[in-house]
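Computed from heavy atoms alone, side chains included, the values below leave out hydrogens, waters and symmetry copies. We name chains A, B, ... by the order of the sequence lines, and we start the count at 1 in each one.
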Protein chains: 2
Amino acid sequence: MPTLKQKGVDKVFHALGDSTRREILEMLSEKPVSVSLLAGPLKISLPAVFQHLQVLEACGLVRSEKVGRVRTCQIDPAGFSVAGKWIAERRAMWERKLDRLGDLLDEPD
Amino acid sequence: MPTLKQKGVDKVFHALGDSTRREILEMLSEKPVSVSLLAGPLKISLPAVFQHLQVLEACGLVRSEKVGRVRTCQIDPAGFSVAGKWIAERRAMWERKLDRLGDLLDEPD
DNA sequence: ACTATACTTAAGTATATACTTAACCTTTGA
DNA sequence: TCAAAGGTTAAGTATATACTTAAGTATAGT
């Protein structure tokens, strides 16, 4: 079943699980930003930021392009739709099932 | 800003970032299941499963109740709405902004 | 050509995470 | 009452992750 494309889900959620990376995403959600500008507000080194960006790119949450010596990063919606879809699908299923269950916790199978 | 409730977001995404934990959630999405039944199909020890369950409970993705010596686990939608909301909010914002940008950054792909 | 800027790579460290096995507690049922 | 079933705790290990500093590489400005 949905175990084939799960690799991407894995990477996206793992990426979102880090608060620094989510901070980066918040910054990028305003507008595209260069690597060093992203690093500014963060209290970690520039290489560290770069590594986070690699993670974010690898799972389709961020896209970037280098022009001259400046790399500009922006949100890539692809990764988000992977994550969003996974959650939405499960949520729909549970809501149905939980509904059907009523509130009885003790269903002895 | 939204930096206050972020702790929960952190934990939920981190929890979802592990494929074994997502497998557990898949199982629970069918119906409530006991700890040892959850462990059955998984190729890890029972204590390991238990630890995953603790992570899932700590972030509101799973709820459980012990009756006699059997602990029955079920999906808790709370955690999912945290994650779903975070994604939905950002997605809405980006879609607006990216739209406004047009294809400003020319797409190399 | 020379220097500064902006990123990139490399290499190492410290902590977190997922797992293990062994031992322990509770409840159930002969 | 005793043993098995179901779960829990403890303790240790091995790998992954997030970070660091130092040393590149390439482009821009003078």
Side-chain angles (χ1 to χ4, degrees), chain A residues 6-28 31-59 61-74 79 105-109, chain B residues 6-28 31-59 61-74 105 108:
Chain A
Q6 290 296 60
K7 204 53 181 295
V9 180
D10 229 281
K11 299 214 285 187
V12 173
F13 281 129
H14 170 251
L16 289 173
D18 181 277
S19 69
T20 301
R21 282 192 289 262
R22 285 205 316 283
E23 255 188 87
I24 290 174
L25 292 173
E26 302 268 14
M27 289 189 240
L28 293 179
K31 62 178 186 309
V33 182
S34 74
V35 175
S36 42
L37 281 179
L38 279 173
L42 301 171
K43 289 178 293 302
I44 56 178
S45 70
L46 204 132
V49 171
F50 186 74
Q51 285 164 35
H52 282 303
L53 284 170
Q54 288 185 131
V55 171
L56 289 168
E57 279 207 65
C59 66
L61 287 165
V62 161
R63 232 177 335 151
S64 76
E65 200 193 355
K66 192 162 181 179
V67 175
R69 56 187 168 175
V70 175
R71 177 172 298 279
T72 302
C73 307
Q74 73 178 303
L105 193 12
D106 25 14
E107 260 304 1
D109 192 290
Chain B
Q6 290 296 60
K7 202 54 180 295
V9 180
D10 229 281
K11 299 215 284 186
V12 173
F13 281 129
H14 170 252
L16 289 173
D18 180 277
S19 70
T20 301
R21 282 191 290 262
R22 285 204 315 284
E23 256 188 87
I24 290 175
L25 292 174
E26 303 269 13
M27 288 190 240
L28 293 179
K31 61 178 186 309
V33 182
S34 74
V35 175
S36 43
L37 281 179
L38 280 173
L42 301 171
K43 288 178 293 304
I44 57 178
S45 69
L46 204 132
V49 172
F50 187 75
Q51 286 163 36
H52 282 303
L53 284 170
Q54 288 185 132
V55 171
L56 290 167
E57 278 207 65
C59 67
L61 286 165
V62 162
R63 232 178 332 151
S64 76
E65 198 194 355
K66 193 163 179 179
V67 176
R69 57 186 168 177
V70 176
R71 176 173 298 280
T72 301
C73 307
Q74 74 177 302
L105 288 221

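Regarding B:Leu38, its CG atom lies at a distance of 13 Å from the P atom of D:dG6, rounded to whole Å. Between B:Leu37 atom CG and D:dA5 atom P the separation is 14 Å, expressed in whole Å. In this structure, B:Glu23 places its CD atom 14 Å from P of C:dA18, rounding to the nearest Å. Residue B:Asp18 contributes atom CG, which lies 18 Å from atom P of C:dA16 at whole-angstrom precision. A:Lys43 has its NZ atom 17 Å from the P atom of D:dA18, to the nearest Å.
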Inset, instruction - Between protein and nucleotides 22-29 of chain D, map the contacts as a letter string: B base, S sugar-phosphate only, - none, heavy atoms under 4.0 Å, written 5' to 3'. - result: B----BS-
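For DNA chain D, the residues of residues 49-57 of chain A within the heavy-atom distance limit of 4.0 Å (strictly under) are A:Gln51, A:His52, sorted by number.
Dashed line: the shortest gap from a side-chain N or O of B:Ser36 to OP1 or OP2 of D:dG6 is not under 4.0 Å. Close to C:dA6, at under 4.0 Å from its OP1 or OP2, lies no side-chain N or O of A:Lys66.
Taking every side-chain heavy atom of B:Leu46 into account, D:dG7 is the closest of C:dT20, D:dG7, C:dA18. Proximity note for B:Ala48 (side chain, C-beta onward) versus C:dA18, D:dA18, C:dC19: the nearest is C:dC19.
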Inset, instruction - Output, in order, the C-alpha distance, side-chain angles, deciding distance and verdict of side-chain contact (heavy atoms from CB on, under 4.5 Å) for B:Asp10 and A:Arg22. - result: CA-CA 9 Å; B:Asp10 229 281; A:Arg22 285 205 316 283; 3.1 Å; yes
Inset, instruction - Dump the intermediate steps for side-chain contact (heavy atoms from CB on, under 4.5 Å) on A:Val67 and A:Thr72, then the final yes or no. - result: CA-CA 8 Å; A:Val67 175; A:Thr72 302; over 6 Å; no
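Side-chain N or O atoms of B:Arg21 include one that pairs as donor or acceptor with a backbone N or O of B:Ala15 at under 3.5 Å.
By the side-chain hydrogen bond (donor to acceptor under 3.5 Å, both in side chains) test, A:Glu57 is found to be paired with A:Ser64, residues two or more places apart in sequence or in another chain being considered. For B:Ile44, the side-chain contact (heavy atoms from CB on, under 4.5 Å) partners are B:Thr20, B:Leu42, B:Ala48, B:Val49, B:His52, not counting sequence neighbours.
In this structure, A:Cys59 and A:Val12 approach most closely via the heavy-atom pair O-CG2, 3.4 Å. The heavy-atom pair separating A:Leu61 from A:Gly79 by the smallest distance is CD2-C, 3.8 Å. Residue A:Val35 comes nearest to A:Cys73 through the heavy atom pair CG2-SG, 4.3 Å, listed as atom of the first residue, atom of the second, then distance.
Base contact: B:Ser45 has a heavy atom under 4.0 Å from a base atom.
Put simply, the side chain of B:Lys11 does not reach to within 4.5 Å of the side chain of B:His14, judged on heavy atoms.
Ranked by how close their nearest DNA chain D nucleotide is to the 5' end, B:Val35 and A:Ile44 are led by B:Val35.
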